Each structure stands twice: as structure tokens, then as C-alpha cells.
Amino acid sequence: MTFPRLRFAPSPTGYLHVGGARTALFNWLYARKHGGQFLLRVEDTDKARSTDESTRAIFEGLRWLGLHWDEDVVFQAANVSRHRADVERMLESGHAYRCFCSAFELDARRKQAEAAEGAFKYDRRCDQLDAAEVARRVAAGDPHVVRFRVPDGATAWTDLVHGTISFPNKDIEDFVVLRSDATPIYNMAVVSDDVAMRITLVMRGDDHISNTPKQIMLYRALGADLPEFAHLPMIHGADGKKLSKRHGATAVADWQHEGILPQTMVNFLALLGWSPGGEFEEVMSIDELVASFDADGLRKTAAVFDVKKLEWMNGQHLVRMPLADLAPLAGRTIAAAGLATEQELAARGDWYLRLLDLLRVRARTVDDIARQARPFLVQAVTYDEAAAAKAWKDPADARAIVAAAREALVAAPTWDAASLEETLKAVGEARGLATGKLFGPMRVALTGEANSPGMFDVLTLLGRDVAISRLTAAENELARRAEGGA
RNA sequence: GGCGGUAUCGUCUAGGGGACUAGGACGCGGCCCUCUCAAGGCUGUAACACGGGUUCGAAUCCCGUUACCGCUACCA
């Protein structure tokens, strides 16, 4: 039994995109499921577009998702001497030849051919050059590229997601493998590295399907064993187009900053293009994903990234995760919002955990939690005007209600839910008010918001002193409003 | 243009010749619960791209059309 070796091979030209993250995830899941290795290779041969910043962002994104790689990261640019050596071998074995046609003249021929009949394919004229002539021009330092000599026939493979795919070789021109500056072309570098890394399964986006026959020919020319291939569908935006900046947040870091949990991202991405089959529970932990993952469940069709569903799923994970794990996470966001320091929150111990437990059920992101925590952490509340307009429609009336509640609460024997309930029920009955009519004005007085956890939770969370003083403050505010309005 | 890939509710998907009156989830609507908002429970809405075959029978197999995507570079 040999264990599979897979790799994720991003080019460091931007942040880790959700599409790339999904590709990395499937490679990782497959490797974990089958006890194999998941490797990381940075394809940094395009020096003009590659940046260290982007390399770091990719590492960070993968780490955030928990997609840890085995073995050291491979930087493709460090391997160009091997890429060249492989090209040299193909030159010697006759699988490749030198081409002295200039890019400029090729371009002209291509334009001409396209105007006339449509398709242009390199006509192999340099393959006719005799050895002495080639040697002379090489010695003279004539700029040239190296082209692969595409054989006759067809190239086919059994794709893990698409089944058999076959390309007639006649439709593939003698493609360049080494540029005139002696740097390798993408397909050459990929194959050389995948062979060197002993990759057994190449799993990547289906935009690489057309590259695959070329790469297979290269493996054969190099005398290397073929890996298996699996081509994953793309991820699209809501308009059905390939995901891009226009669609808003497309970098995994963007979602991290919006309060999406890494386990949600993994769960959501896993279900974009893969399904365990049959009826199944969609909210899954990473361990459950690893356990049920298999290539049979890979879909062929492009999927649309549905933010609504992502957010719903995050709400699910928020509620299911251990409170102890959520506490530091939410703490960071709360601290970033300037509501309290992480130390202060930690010092509040169980009170803080109880607050989180009450808020997370009505939140979809960690940021929602921080927003809702505000009234419980700041000194004085600010009244949301929309909430006030509704619950304090008649300021004089609202003031009377708040005052009555305050008076009763001041006299409450103990400050616990049961006792508070009894106290407030009496207030309602005395004034002939349903609890809704009573709690509405109180809620705005206590939290400044139209919505909050249940009244008794709010009161006990706030504590007697804060609650009473907020009610008093609201009475003053309402008195002001009653005057101003009258 | 050539070559390749894909096509089930708005979205993610189940299903792979008869069990399909096409199932689940998100979203949206309704009801229940209820002090608000959520969560939860129940429920409604909504799909086999089109046309030909094959077959007793097609969402499922075959062919074509259409649409979308990718490749067709000395980009990756």
C-alpha cells in the first residue's frame, strides 16, 4: 500500500482566494483521508507578478483554515536548474528541438493564419533544421526557445472527476517548454516539480484540463510515471461568472475579518463541488469532513458562492462550538471595537461566557456578537432612534412605564430571574399592560436597542446597579423628549 | 474559428433506466413558540436547458442544438 502525495501549487500573485482555498482543502482532505501527504509548492517563476507579501498571505490563509502542509514548502523558482536539465534531457532524447523563430515573426504568422483560415499551429519549420545548422546558430548565440515535439495519436487519461478525457494530438502544437531566456514555461516547471516531489495525484481547477495532455506528454518524454488527475469545477459569483474582485469578498482573509469561523469556511467550501451523497447533515466538523471525504463525491459542475448560506452555516458553527473556544475569538473582536480589553473580559469569567452564550444564538458572525455585546460593556447606552421611535412613541407614557418598572425593581427582594419575573408581572398587572408593552420601553432604556436577549437575562447580566441607573437615565431622557415633543 | 469541459428549484445539492407525485439544505413566505430579535418546530414556494433517438419505460443511456466556462502565449 502506497500513500498518496498531493500538492497545492498557488502562484503568489495575490491573496488566497476562496477558489484556491477550496482546491487546497480538497487536496488536504484527500491526503488526510488516505493517510498521505499534502505538500505546498509556491509557483513563483513569474517574478514580475510574484510578491513575498502574497506568499505570506497564502501561508496565513492556509494556516487559518487549518490546512497544514507536510514537508518544507517548495519554491519553484529555486528549481529552474532542474527544469533546464529536464529540457536538456528531452533535447538529447529527441523529444524536443530548438526553435529560432522570433516571437515577433510568429506573431505575424499567427495573425495572418487567423485572418485566413482560423486556427494557427506552429508549422515545425525549425524541426527541419539540420544538426550542423542548429549547432552553428547555438554557438553563435542566436536566441531560441525549446519546443516539445508533439507525437501523433491522442492523449487520454481517466480523470477522477470527469472519467475518460481524450485529446487528439493534432490539435496541440509543438509548444514551447523553455523560453529564449532559458526559463521554463509553466507546464514544464509543473511536470518537472511534480515528478521530483513524487506527486501521485494532481488535483486542481478544471481550467487546467487543456494543459493536462501536454503535461502527460512531458511525463512520458521524461520517462516518469504518470500521476492520477482530478479536475475540480470552478467557483462562481452570484452572477454565474468566475469569482473576482467585483463580487466583493473573495479572499479568505476578507471572511476572516468579517467574523466567519475557519471551520465554517472549511465546511462551506467542502460542500461546494463535493457531497457525501444521500441524505446528510450539512453542518460538519473538520474531522467529520475528513472521515466522509472521497473522490466519488466530487461534482463536475461549477458552483456559485452563496454568501447567505455561508452566513447561516457560520451561525450554526457559532452555536455548536465550545464556548471556551469562542471566548478568546470574540474577545479579540470586542477589544478591537474598543468595548473592553481582553483582560477585562477574561476577568469577568462566567459572566462573559454567559453573555456570549446568549448572544451567539442570535448572531451569524463574530462581529455580530461584538455589536450586540456593546450595551453590556459600555458605561452609558446610546439610544437607537429607530428603536426609540417605536418603543417610546409616546415619551410621557413610556416614561411612566419605565418609572414604574424602576420603582418596583428597586424594591425587588433579590436580583434573580424568578424574583424579577414576579416583580415585573406585578407591575404589568397593576398598570393593565401586557409584558410586551412593558418590556418594549424597558428594553430601549436598558440596551438602547430594539432587540436583545430576554428581559430577565438582560437585567441579570446588567446587574441591579447598572439596570436601575439606566432606567433612571432613560426617565430623564424621556422627560426631555416629552417636553420637546409637547 | 479549433479543441476540451459542463448543464436538476434563485443558490448548494440528492438521485445514475421503473421506488419521482423529483428528496434535503440555504433563501423567500406562512403558522407555532414568544417580552423583542434570533434559535427551534411545522409548513408553503420553486427545478430535470432544448430537440431527436434507444427502451415496454428516460432526470438517468446515445446523438444533435443552445448556453456557459477553459485552453488555443516565449502567462501561471
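Just the heavy atoms: all of them, side chains too, but no hydrogens, waters or symmetry mates, feed the values below. If you're wondering where the values come from, they're calculated on a predicted model, not measured in any experiment. Chain letters run A, B, ... following the sequence lines, proteins first and then strands; every chain starts at 1.
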task = Send over the distance from A/His236 NE2 to B/C12 P, rounded to a whole Å.
result = 10 Å
task = Using the C1' atom on both, measure B/A25 against B/U72 and round to a whole Å.
result = 40 Å
inquiry  = Between B/C26 and B/U36, how far apart are the two C1' atoms, rounded to whole Å?
reply    = 25 Å
ask   = Expressed as a whole number of Å, how far does the P atom of B/G30 sit from that of B/U54?
value = 50 Å
ask   = Ion pair present between A/Arg56 and A/Asp52, side-chain N to carboxylate O less than 4.0 angstrom?
value = no
key: Between B/C69 (P) and A/Asp206 (CG): distance, integer Å   = 13 Å
message = Output the rounded distance in Å from CZ (A/Phe100) to P (B/C74).
response = 16 Å
Interatomic distance, A/Phe120 CZ vs B/U72 C1' [rounded to whole Å] = 11 Å
key: Atom C1', compared across B/A47 and B/A59: separation rounded to whole Å   = 10 Å
task = For A/Glu173, report the nucleic acid contact type (base, sugar-phosphate, nothing); a contact means any heavy atom under 4.0 Å.
result = sugar-phosphate
ask   = Relative to the ring of A/His208, is the ring of A/Tyr186 parallel (under 30°), tilted (30 to 60°) or perpendicular (over 60°)?
value = parallel
request  = Report the base-pairing partner of B/U36 (Watson-Crick or G-U wobble, both distances below 3.5 angstrom), or none.
outcome  = none
task = Quick one: label A/Val145 by what it contacts on the DNA or RNA (base, sugar-phosphate, nothing), any heavy atom closer than 4.0 Å.
result = base
ask   = If pairing requires Watson-Crick or G-U wobble contacts with both distances under 3.5 Å, which nucleotide is the partner of B/G70?
value = B/C3
key: Pair assignment for B/C9, Watson-Crick or G-U wobble, requiring both distances under 3.5 Å   = none
request  = List the protein contact pattern of nucleotides 25-41 of chain B with one symbol per nucleotide (5' to 3'): B for base contact, S for sugar-phosphate-only contact, - for none; contact means a heavy-atom distance under 4.0 Å.
outcome  = BSS-------BBBBSS-
inquiry  = Nearest whole Å is fine: how far is B/G70 P from A/Ile235 CD1?
reply    = 15 Å
ask   = So does A/Ser210 reach the base of B/G70 with its side chain, donor to acceptor, closer than 3.5 Å?
value = yes
task = Look at the side chain of A/Pro168 and decide which nucleotide, out of B/C12, B/U6, B/C3, has an atom nearest to it.
result = B/C3
request  = Please state the C1' separation for the pair B/A22 and B/G16 - nearest whole angstrom.
outcome  = 13 Å
request  = Using a heavy-atom cut-off of under 4.0 Å over every strand shown, decide if A/Ala302 touches base, sugar-phosphate, or nothing.
outcome  = sugar-phosphate
message = So for atom NZ, which belongs to A/Lys121, do other residues, nucleotides or ligands contribute more than 12 heavy atoms lying within a distance under 6.0 Å?
response = yes
request  = Would you classify A/Gly205 as touching base, sugar-phosphate or nothing, given that sugar-phosphate means primed atoms plus P, OP1 and OP2, and contacts are heavy atoms under 4.0 Å?
outcome  = nothing
ask   = Parallel, tilted or perpendicular for A/Phe100 and A/His144, by the 30°/60° rule?
value = tilted
query = What residue among A/Arg147, A/Arg109, A/Arg110 forms salt bridge (Lys or Arg N to Asp or Glu O under 4.0 Å) with A/Asp123?
reply = A/Arg109
A/Arg374 atom CZ, neighbour heavy-atom count above 12 within 6.0 Å = no
remark   = Comparing A/Val176 with A/Asp171, nearest RNA chain B nucleotide closer to 5' gives the residue A/Asp171
ask   = A/Lys214 has a side chain; which of B/C12, B/U72, B/U6 sits nearest to it?
value = B/U72
key: Side chain A/Ser275, main chain A/Leu271, donor-acceptor under 3.5 Å   = no
inquiry  = For A/Gln76, run the side chain to side chain contact (heavy atoms under 4.5 Å, CB included) check against A/Asp46, A/Thr45, A/Val42 and tell me which one passes.
reply    = A/Thr45
inquiry  = Return the pairing partner of B/U55 with a 3.5 Å limit on both distances, Watson-Crick or G-U wobble; otherwise return none.
reply    = none
request  = Verify the contact: side-chain N or O of A/Ser275 to OP1 or OP2 of B/A14, cut-off strictly under 4.0 Å; return yes or no.
outcome  = yes
key: A/Thr301 side chain, from C-beta outward: closest of B/U8, B/G5, B/A76   = B/U8
request  = Name the pairing partner of B/A22, where a pair is Watson-Crick or G-U wobble with both distances under 3.5 Å, or state none.
outcome  = none
task = With C1' as the reference atom in both, quote the distance from B/C48 to B/G23 in angstrom, rounded to an integer.
result = 13 Å
key: Nearest-Å distance for atom pair NE2/P, residues A/His83 and B/A76   = 11 Å
query = Partner of B/C50 by Watson-Crick or G-U wobble geometry, both contacts under 3.5 Å, or none?
reply = B/G64
query = When the distance from CD of A/Glu279 to P of B/G23 is rounded to whole Å, what number comes out?
reply = 11 Å
query = A/Tyr97 and A/Asp174: side-chain donor and acceptor closer than 3.5 Å?
reply = yes
request  = With heavy atoms under 4.0 Å as the rule, sort A/Tyr186 into base, sugar-phosphate or nothing.
outcome  = base
ask   = Considering only the C1' atoms, how many Å lie between B/A67 and B/G51, rounded to the nearest integer?
value = 15 Å
remark   = By the Watson-Crick or G-U definition, both distances under 3.5 Å, B/C28 is matched with B/G44
ask   = Is the phosphate of B/G70, meaning OP1 or OP2, less than 4.0 Å from a side-chain N or O of A/His208?
value = no
task = Would you indicate whether A/Asp181, at its atom CG, is surrounded by more than 12 heavy atoms from other residues, nucleotides or ligands within a distance under 6.0 Å?
result = yes
query = Touch check for A/Ser166, heavy atoms < 4.0 angstrom, all strands: base, sugar-phosphate only, or nothing?
reply = sugar-phosphate
A/Arg354 and A/Thr460: side chain donor to acceptor below 3.5 Å = yes
query = How many Å lie between CZ on A/Phe75 and P on B/A76, as a whole number?
reply = 17 Å
query = Is the distance from OP1 or OP2 of B/A14 to the nearest side-chain N or O of A/Arg299 less than 4.0 Å?
reply = yes
query = With a non-hydrogen cut-off below 4.0 angstrom, is A/Asp107 in contact with a base, only sugar-phosphate, or nothing?
reply = nothing
request  = Pick the P atom in B/C69 and in B/C61, then give their distance to the nearest Å.
outcome  = 25 Å
